[in-house]
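Everything on this sheet refers to the single structure shown next.
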Amino acid sequence: TWRQACADEVESLAAAGRAPLAALARNGQEGSLDVCDLPCISIDSATTRDVDDAFHVEAEGDGWALTLMLACPSLFWNFGGPLDKMVLHRGTSIYLPEGDCHMLPEVLGTDAYSLLAGQTRPALSVLVHVAADGTLGECEISVVQTSLAANLTYVDSQAVLDAQAAGEPLPQNAATPYAEQLRLGLELARQRQTARIADGAVIMDRPDPVIRLEGEGAEVRVEVGLDYQASDAQMLVAEMMILASAAVAQWAADKGVAMLHRVQDVALPREYAGIWTTPQDMTRIMRALTPSGLEVQARPHAALGLARYTPVTSPLRRYPDLVNEEQLVHFFRTGAPRWTETELTDLLNVLSPALDAAGPGERSRPPPRGRLLFRPQGGQGGGGGKARRRRGCQAADGGPGEHRRAERLCRHCLRLPGHGQRGAGGDGVPAHVRRLQELPGRQGRGPVRLLRLGRRRVDALLGKGLRRCRREPGLRQRDLLRGPG
């Protein structure tokens, strides 16, 4: 695999992650790492293996004391080394129906530095004191050794929260022993969300699609559905991660530590602040938003309602978070950050192309990514139902012959069969897609997947088998075609 050239470095990093105190002792830094005994818990989907954040919350007067534990690969990371250069080029983890493409070697990202319950791991501890009205207070940052109490799932956590809300007996599942933690965490999350909305935050409450592929070759079947909605548990985790990034951003500003900030400096009407659920409202508001971007200069993030936002909670999955974590760890150990503002700017110039190639925008949790077009199953014609178009999941009501989509497609493909699609055959496949299927080497390769991606990204994620179609009407020059083989 891609990491074989750095096998020795990967093995050394894995050993250090599993026994951080021993690794530091070998480097003459014995006693430089405190041990945190707080019973922290993580909440993720059942399939998550790269666990990079956990929390512990307790009441503190009328407010709360929240401790975030973040995976800490930067403690032993060799920045500028051979492995780092490869990881920098990857930039971020990608999660596709075909499989996951992890930023770090899996032995590191899903094992040695993943915050697995009962396993000793290095962690960046972020303690934030939160007032009763959701205002952030003092932030304390340290590097510790920790062992999580439990890795919980959204399903089990939501079941406990639902039972608490209904005043019913708690279910018997893995989350039940941590019911008080979940209750306090949800109280804190709701208050923080209210405070952010008061500061202008725009929250899009929309379901995420789940795309599953079954079979191989011409027998590949595609299923598109909605993910399980654990609204309270997911909101709890999201608000804590936003809180951590906001608190770290303010801490860095107070200490004069240069960081990479995610910014969205656009003025929004006050009436846009709130939680939005209908496609019409979300579309109207999205038109007023500009894409967020990474900058060294701290500026507001309009949609989050924050004056400054420093991504730091996903160091196993996003290189900017790994860089920001290293700034904190290096400051903690030496009293100074690793990079100056100018050096961070130079680093960002190298990092940005990799992130751009990996797709526009990143989410705090890992839903399926990519823009996909699947050929209808069964060869049946398209019906006349009106399409429901919403960001993240586009499906059609009319019949099994219509396309199911994830994300936006090219304008030509948005005209569904039965709605003015010129050249659509009896099986509902548009003529230009049929011609693509008939290209040499396409026969028998199953559903067409059209990805509006840069060539570098597709090369990195999907490998061989690319074909560029330059002359097909409605397709942009950079549209690439690849079959599931």
Side-chain angles (χ1 to χ4, degrees), residues 9-44 48-58 65-79 83-84 104-129 138-152 177-178 181 237 240-241 244-245 247-248 251 257 312-317 321-335 337-338:
E9 184 178 359
V10 171
E11 183 179 351
S12 176
L13 283 169
R18 296 188 183 105
L21 290 179
L24 289 172
R26 287 194 298 270
N27 294 334
Q29 298 175 307
E30 188 172 2
S32 62
L33 202 63
D34 293 333
V35 176
C36 179
D37 295 325
L38 288 175
C40 296
I41 57 176
S42 69
I43 306 177
D44 288 286
T48 297
R49 296 185 298 146
D50 43 358
V51 182
D52 45 19
D53 54 71
F55 71 92
H56 178 272
V57 60
E58 57 187 13
L66 173 65
T67 300
L68 281 304
M69 287 292 168
L70 307 177
C72 196
S74 64
L75 183 61
F76 300 106
W77 195 257
N78 180 23
F79 286 91
L83 179 62
D84 176 65
L104 299 181
E106 290 193 42
V107 69
L108 303 180
T110 66
D111 183 5
Y113 289 90
S114 181
L115 298 180
L116 304 177
Q119 302 294 315
T120 298
R121 296 290 184 265
L124 183 72
S125 172
V126 180
L127 170 61
V128 187
H129 302 275
E138 184 182 358
C139 174
E140 303 171 27
I141 295 177
S142 59
V143 182
V144 301
Q145 174 180 285
T146 190
S147 177
L148 262 60
N151 297 130
L152 306 182
Y178 308 98
Q181 281 286 295
V237 174
M240 288 187 176
M241 298 308 108
S245 296
V248 167
W251 180 93
V257 177
V312 72
T313 60
S314 299
L316 301 179
R317 298 185 288 119
D321 297 49
L322 182 63
V323 168
N324 283 335
E325 183 178 71
E326 171 60 11
Q327 289 288 80
L328 302 176
V329 170
H330 201 274
F331 186 92
F332 175 77
R333 298 174 70 179
T334 68
R338 173 180 286 272

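The residues of the chain are indexed from 1 along the displayed sequence.
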Can you confirm whether [X] sits close enough to [Y] that some side-chain heavy atom of one is under 4.5 Å from a side-chain heavy atom of the other?
| X | Y | result |
| --- | --- | --- |
| Trp77 | Glu326 | no |
| Pro122 | Val143 | no |
| His129 | Cys139 | no |
| Leu75 | Val329 | yes |
| Phe79 | Leu322 | yes |
| Trp251 | Ile141 | yes |
| Cys36 | Ser125 | no |
| Val107 | Val10 | yes |

Which one of Thr48, Asp52, Asp53, Asn151 satisfies the side-chain hydrogen bond (donor to acceptor under 3.5 Å, both in side chains) criterion with Ser42? Asn151

Quick check against the 3.5 Å criterion: does Gln145 have a side-chain atom that pairs as donor or acceptor with the backbone of Leu33? no

Measure from the side-chain N and O atoms of Asp321 to the backbone N and O of Ser314, and report whether any donor-acceptor pair falls under 3.5 Å. yes

Testing Val51, Leu148, Leu104 one by one against Ser114 for a side-chain contact (heavy atoms from CB on, under 4.5 Å), which residue passes? Val51

Residue of the set Arg18, Arg49, Gln119, Glu106 for which side-chain contact (heavy atoms from CB on, under 4.5 Å) holds with Asp111: Arg18

What is the minimum heavy-atom distance between [X] and [Y], and which atoms define it?
| X | Y | result |
| --- | --- | --- |
| Arg121 | Gly17 | CD-O, 3.8 Å |
| Pro20 | Thr120 | CD-CG2, 3.9 Å |
| Ala150 | Ala117 | CA-CB, 3.7 Å |
| Thr146 | Ala123 | CG2-CB, 3.6 Å |
| His56 | Cys40 | CB-SG, 3.8 Å |

One pair to check against side chain to side chain contact (heavy atoms under 4.5 Å, CB included): Leu83 and Leu13. What are the steps and the verdict? CA-CA 11 Å; Leu83 179 62; Leu13 283 169; 3.6 Å; yes

Tyr113 and Phe76 aromatic ring geometry - parallel, tilted or perpendicular at 30°/60° bounds: tilted

[atom1] of [X] to [atom2] of [Y]: how many Å apart, nearest 0.5 Å?
| X | Y | atom1 | atom2 | value |
| --- | --- | --- | --- | --- |
| Leu115 | Leu70 | CG | CG | 8.0 Å |
| Asp34 | Ser142 | CG | OG | 7.0 Å |
| Ile43 | Met240 | CD1 | CE | 7.5 Å |

Set of salt bridge (charged side-chain N to carboxylate O under 4.0 Å, His left out) partners for Arg333, sequence neighbours left out: none

Sorted by chain and number, sequence neighbours left out, salt bridge (charged side-chain N to carboxylate O under 4.0 Å, His left out) with Glu11 holds for none

Would you sort out whether Val144 and Val35 count as a side chain to side chain contact (heavy atoms under 4.5 Å, CB included), showing the intermediate values? CA-CA 5 Å; Val144 301; Val35 176; over 6 Å; no

Residues in side chain to side chain contact (heavy atoms under 4.5 Å, CB included) contact with Ser245, at least two apart in sequence or another chain: Tyr309, Val312, Thr313

Begin with the C-alpha distance, continue with both residues' side-chain angles, and end with the deciding distance and a verdict on side chain to side chain contact (heavy atoms under 4.5 Å, CB included) for Ile41 and Phe55. CA-CA 6 Å; Ile41 57 176; Phe55 71 92; 3.8 Å; yes

